Amino acid sequence: MTATLTMNKRGTLVVITGATGVGKTDTSIKVSQAIDAPIVSCDSRQIFKEMRIGTAVPSDEQLAAAEHHFIRCRSIFEPYNCGQYEKEAIELIDKLLQRHSHVILTGGSGLYIDAVTRGFDPIPPADDNVRTMLAAKLEREGLASLSEMLARLDPDYAGLVDHHNRQRIMRALEVCLTTGRPYSSLRKGESRERNFVPLFILIDRPRAELYRRIDQRVDAMISEGLVDEARGLHPFSHLNALRTVGYSELFDHFDGLCDLDTAIELIKRNSRRYAKRQLTWFRRNPEYKTFSPDDTEQIIAYITSHKQ
RNA sequence: GGGGAGGUACCAAAGUGGCCAACUGGGGCAGACUGUAAAUCUGCUGACUUAUGUCUUCGUAGGUUCGAAUCCUGCCCUCCCCA
């Protein structure tokens, strides 16, 4: 059964991921050149054209060194989410696999990787009015009131969620209210049939080294002009795309909540924390094969040995 | 040399006789997470451990006390002021 399905696949999707700052970009480019595979970015923030320095977008030289997709092609002013990304990425990957045996999916957005490799259940995105209504209720009556509401509308999910997590509770309620069905009844967690076979590669390095690189990269961003980039975006700080490490902290500084040095320290700290969360996410998938960023040769050998 | 302040776990910082293995924050570690995901949230952080369990901690050495991080004494160290 599995073998039959595998044979119908058009090609291999080489997923190359790792925590922020490990060195995914360089490795991906080398691999791309070696196996002649285009790179599809899987990064929830590098996709926005208005953000460049703070998201560590590949340099012009790096972009020129390999075929890249989904880098700085959206605007922070248009709403975007991982459901949309799933659809667009799948379409693109299918198209690329007509000309290539391998496509590289690289980036650190774990949920986005899952969206592509596994797929989401067909749950509709939230209705704006419903979301606004719920936000108002939260403001007025507090989180406990939303919790109670969820317990009525979807007792199953209410038994699972962390009741401190307003974002989760909100989403569940949004779905319940917009579809008229319990959120949990729509969350099947079923994998979608895909046109490719995924090959999971995790780039990792010793924690201390990773943290050092993150700190250094933040300093580099600052000297590249992150503060000015953020200042230009400050008027739009309410946009979801800008709720991002590297920007939020500077917005707080512009708002007089902390001095610049503190903001920079917080960017470092929050980047480290983010990296840690990423690793927790990746660890959940046992299919990842881990490599050091310098192991380009081994990575390429690993990929080619998995030729169908 | 004289006067003052202080030494608490990785760091900062509460605690000033029992409810203290010690508030809180940082840092660190671990985890959850299917449409906000660079987001949102949770747990642990002296050791051994299944533990409402045992053992070792609050500069250091003694002492007082049924009982001390908390009181007393000596010593060491840090900072400030006067010499």
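Keep in mind that what you see is a predicted model, and the values were worked out from it rather than measured. Here is how names work: the chains are called A, B, and so on, in the same order as the sequence lines, proteins then strands, and each is numbered from 1.
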With rounding to the closest Å, how many angstrom separate the [atom1] atoms on [N] and [M]?
N	M	atom1	value
B:U8	B:U56	C1'	16 Å
B:A51	B:A61	P	31 Å
B:A68	B:C76	P	26 Å
B:C44	B:C55	P	24 Å
B:U70	B:G63	C1'	15 Å
B:C81	B:G74	P	26 Å
B:G46	B:C58	P	15 Å
B:G7	B:A13	C1'	13 Å

Donor-acceptor contact present, side-chain [X] to main-chain [Y], <3.5 Å:
X	Y	answer
A:N270	A:I267	no
A:H102	A:H100	no
A:T179	A:R181	yes
A:D121	A:G189	yes

Check: residues 161-177 of chain A side-chain donor-acceptor pairs under 3.5 Å, at least two apart:
| residue | atom | partner | partner atom | Å |
| --- | --- | --- | --- | --- |
| A:D162 | OD1 | A:H164 | N | 2.8 |
| A:H163 | ND1 | A:S147 | OG | 2.7 |
| A:H163 | NE2 | A:A158 | O | 2.6 |
| A:N165 | OD1 | A:Q167 | N | 3.3 |
| A:N165 | OD1 | A:R168 | N | 3.3 |
| A:R171 | NH2 | A:P124 | O | 3.0 |
| A:E174 | OE1 | A:R131 | NH2 | 3.3 |
| A:E174 | OE2 | A:R131 | NE | 2.8 |

Give [X] one of three labels, base, sugar-phosphate or nothing, depending on what nucleic acid heavy atoms sit under 4.0 Å from its own.
X	value
A:G54	base
A:S248	nothing
A:S109	sugar-phosphate

Report task. May I ask you to check whether A:F77 and A:F236 place their ring centers less than 6.0 Å from one another? Result ->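 When the ring centroids of A:F77 and A:F236 are compared, they turn out to be within the sub-6.0 Å range.
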Starting from [atom2] on [N], measure out to [atom1] on [X] and report it in whole angstrom.
X	N	atom1	atom2	value
A:Q46	B:A37	CD	P	14 Å
A:R74	B:A37	CZ	P	14 Å
A:Y247	B:U36	OH	C1'	18 Å
A:L134	B:U40	CG	P	18 Å
A:E265	B:G26	CD	P	15 Å
A:D43	B:A39	CG	P	12 Å
A:M170	B:C41	CE	P	12 Å
A:Y211	B:C10	OH	C1'	15 Å

Any strand is fair game: report the nucleotide pairing with [N] by Watson-Crick or G-U wobble, both distances under 3.5 Å, or none.
N	value
B:G35	none
B:C79	B:G4
B:C71	B:G63

Requested in this report: Using side-chain contact (heavy atoms from CB on, under 4.5 Å) as the criterion, list what pairs up with A:R152, not counting sequence neighbours.
Outcome: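 Applying side-chain contact (heavy atoms from CB on, under 4.5 Å) to A:R152 gives A:M149.
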Query raised in the report: Is NZ or CZ of A:R283 both nearer than 6.0 Å to the six-membered ring centre of A:W281 and within 45° of the ring axis?
Result: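 Not satisfied by the 6.0 Å and 45° rule.
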Query raised in the report: Which nucleotides of nucleotides 30-35 of chain B have their base under 4.0 Å from a protein heavy atom (B), which only their sugar-phosphate (S), and which neither (-), written as one string 5' to 3'?
Result: BBBBBB
Query raised in the report: Does A:E174 or A:V245 map to a spot on RNA chain B nearer the 5' end, using the closest nucleotide for each?
Result: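 This one resolves to A:E174.
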Query raised in the report: Hey, does the side chain of A:Y112 come within less than 4.0 Å of B:U36's phosphate (OP1/OP2), counting only N and O?
Result: no
Query raised in the report: Can you find a side-chain donor-acceptor pair between A:S109 and A:R45 that sits under 3.5 Å?
Result: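 Absent: no donor and acceptor within the cut-off.
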